2 protein chains.
Amino acid sequence: MARANVQRQSDRRDEILAAAQRCFVRSGFHKTSMHEICVEAGMSPGNLYRYFPSKEAIIAGIAERDRAEVAQEFAQADLSHGLFPLLEGMAHHHFTERSIEQVKLCTEVMSEARRDPEIARISAAFDADVRKWLVDLFRAAAERGDIAKDADIEGAVDMLIIIADGVWWRRALDPHFKADALIPVFMDITRHMLRSRAAGAGQERTS
Amino acid sequence: MARANVQRQSDRRDEILAAAQRCFVRSGFHKTSMHEICVEAGMSPGNLYRYFPSKEAIIAGIAERDRAEVAQEFAQADLSHGLFPLLEGMAHHHFTERSIEQVKLCTEVMSEARRDPEIARISAAFDADVRKWLVDLFRAAAERGDIAKDADIEGAVDMLIIIADGVWWRRALDPHFKADALIPVFMDITRHMLRSRAAGAGQERTS
DNA sequence: AGATTGAGAGTGAACGTTCGTTCTCATAAA
DNA sequence: TTTATGAGAACGAACGTTCACTCTCAATCT
C-alpha cells in the first residue's frame, strides 16, 4: 500500500483514544500504563507509538476530546422556549444524562490540569468559553425579558459553573449520589440569582 | 540505654508528614517520589521507612491530617450571634482564609479518593461528618428561629457542600480567581434556600 | 570514674520491578 | 520491489523499597 490513508490514520487515532478513555475512566491517568492501553486497543506498543508520540499526547487528546464533547451541548441550546426551560434541560442533562464515565473522566482532566500545563491550558480555555457562552446567553435572555436587565449576570454565571463542577465531583466520588434530586433546588437558586437587584421585593415564583 | 522515645517518634512522623505535604502541594501525589520526600525531610529513605511502611501510608496520613484540620473549623462554630453571621464567617474562612496550599492538597485528596479505597473511606467519612454537622446546625438554627422550620434543610446542605467543593476546585485551578467576590452571592442564595417553603412570598432581604 | 554494652536512630547503596519508549524485523498491499 | 502497517522483544531510566551497616548515647558493669 503506497499512499498514506489519512482517513484510516484518523480512525485509528480515534480508536486508540476510545480505548485509552476506557482505561483512564477505570484506573485514572497515572495508574494506567501504556501496556494497558495497548491491550485495550488490541495493538502493540510499537504500532501505537506510530499514532501518538507519547502518553502525554494521548492524555491531551483525551482532554480535548472530552472538553469538545461537553462544549457541544451548549451549541445545541435553544432559547426560543425561554431561559429557564433551557436551563432546566441543561441541568437535567448535566446532572443525570451525562454518563458517569464522562463525569469521572472530567475529574481526571481537572486534577491533571493542576500538573500538566498543556492540560491546564485546554481546561482554562474551555472554562473561559463556557463562561462567555453563559454570559452571552443570559444577556440575550435579559433582552428577551426572561430575566431582569440589572441582574448580577457575572456573579450568577460564576456560581453556576462552580455548582456544576461541584455536582460532577460528587457524582464521581459518591456512587449513591442522586443529582436529579437537587435540580429543584438548583433551579430555585438560579431563578433567585437572576432576579432584579434593584427592588427589595423582586419577582418571586417566576415559574 | 537508649529507650524508645514514643514522643520523639510521633514528632518525627509529624515532620515527615509536613515535608511530604509540601512536596504533594508542589507536585501532586503521583509526581512526588519518595526520594523527594526524603530530601525535603532531610532524611534517608531507610530511616523514613522506619516511620511509614509505604508511600500510600504517607498519603493516607496526609489525607487524615488534612481532613481533621478542615473539620476542626466546624468544632469552633458559635451559633450565639445567629446562623447567618456564622455562615458568613465560615464562608469567608473557607473561601479566602484557608491557604491555597491546603486547597490544593484537598483537591489531591479528592482525586486520589477515586483510586485508593482507603482514601475514599477517609473522604467519605469526612463528608458524612460535615453533612451531619451542618444539618444539625441548621436544625438548631430553626429552633432558634433564625430560619423557617419547614425549610428544605437537607437540600440546602447538599447544595452548600457542592458549592464549597466547587469553590475550592476553582481556587486550586485558577490563581486569579477571587473567591471573596462570590461571598455576597453565596450568602444571598443561602438565605434564599433556607426560607420557608410554604409561603409563595417568603422573607426577602433577611440581611 | 571509665569501659562495655545494646538498642534505637539513621545511612545510602543496591535491588527488583515497572514504565514509557524504541528498535528490529515480519507481513501484506500496491 | 517498495512502502505503509504492524508485532513484540528489549532498553534504559525511574521508582518504591530493602538491607547491611554505622553512629549515638544512656544504662550497666568493673
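Reminder, nothing fancy here: chain letters follow the sequence lines and each chain counts from 1. Predicted model, so just to flag it, every value in this text is computed and none were measured.
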Does a side-chain N or O of [X] approach OP1 or OP2 of [N] to a distance below 4.0 Å, or not?
X       : N     : value
A/Arg12 : D/dG6 : yes
A/Ser44 : D/dG8 : no
B/Gln9  : C/dG8 : no

**Q.** Ring-face cation of B/Arg171 near B/Phe95 (centre distance under 6.0 Å, axis angle within 45°)
**A.**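 No, cation not above the ring by the 6.0 Å, 45° rule.
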Q) Name the one of B/Asp146, B/Ile153, B/Asp152 that satisfies side-chain contact (heavy atoms from CB on, under 4.5 Å) with B/Phe138? A)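 That would be B/Ile153; it is the only one of B/Asp146, B/Ile153, B/Asp152 passing the side-chain contact (heavy atoms from CB on, under 4.5 Å) with B/Phe138.
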Find the distance [X]:[atom1] to [N]:[atom2] and express it as a whole number of Å.
X       : N      : atom1 : atom2 : result
B/Met43 : D/dT17 : CE    : P     : 16 Å
B/Glu36 : D/dC15 : CD    : P     : 8 Å
B/Arg50 : D/dC21 : CZ    : P     : 18 Å

Q.
side-chain contact (heavy atoms from CB on, under 4.5 Å) for B/Gln102 and B/Val70? Distances and angles first, verdict last.
A. CA-CA 9 Å; B/Gln102 185 159 27; B/Val70 174; 3.6 Å; yes
Q. Looking for any heavy atom pair under 4.0 Å, which part of the strands does A/Tyr51 touch: base, sugar-phosphate only, or nothing?
A.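 The answer is sugar-phosphate, as A/Tyr51 gets under 4.0 Å only of primed atoms, P, OP1 or OP2.
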Q | Those residues that, when tested against B/Phe177, pass ring-ring contact (aromatic ring centres under 6.0 Å, His included) (two or more places apart) | A |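 Once residues adjacent in sequence are excluded, B/Phe177 has no partner under the ring-ring contact (aromatic ring centres under 6.0 Å, His included) criterion.
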Q. Charged N to carboxylate O below 4.0 Å: is that the case for A/Lys104 and A/Glu101?
A.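 Salt bridge between A/Lys104 and A/Glu101, a charged N being under 4.0 Å from a carboxylate O: no.
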Short heteroatom pairs, N/O only, protein and nucleotides 23-26 of chain C, under 3.5 Å:
none

Using a cutoff of under 3.5 Å, can you pull out all pairs of nitrogen or oxygen atoms linking the protein to nucleotides 16-20 of chain C, with atom names and distances?
residue: C/dG20; atom: OP1; partner: A/Lys55; partner atom: NZ; Å: 2.4
residue: C/dG20; atom: OP2; partner: A/Met34; partner atom: N; Å: 2.6

